[in-house]
Amino acid sequence: MNDPVGKNTERSGLNPKLKSVENTSRDTETSTRPPAESASVQHDDSRAWPIIWIVVTVICVLVAAYLLLW
């Protein structure tokens, strides 16, 4: 579109009422520890799962062998 001659063609973006605002709600100057150092890992919770999966696999193999051979 052509602007009529004599009008101010100076624009400051799409909406001139919007103003630039700096967000200061978060502190970016202070660093925290890396996640690997601050994570709390509980080792006892998952020790049983490999044994459970081995037992299930052995039972499935035995059932498959029974069904195929007898």
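Predicted, not measured: the structure shown is a model, and the values here were computed from it.
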Applying side chain to side chain donor-acceptor pair (under 3.5 Å) to T30 and not counting sequence neighbours gives D27
Q. Shared ILVMFWY cluster between V55 and Y66, side chains joined below 4.5 angstrom?
A. yes
Side chain to side chain contact (heavy atoms under 4.5 Å, CB included) filter on L67, not counting sequence neighbours, yields V63
Output for pair (I54 CD1, I59 CD1), nearest 0.5 Å, gives 12.0 Å
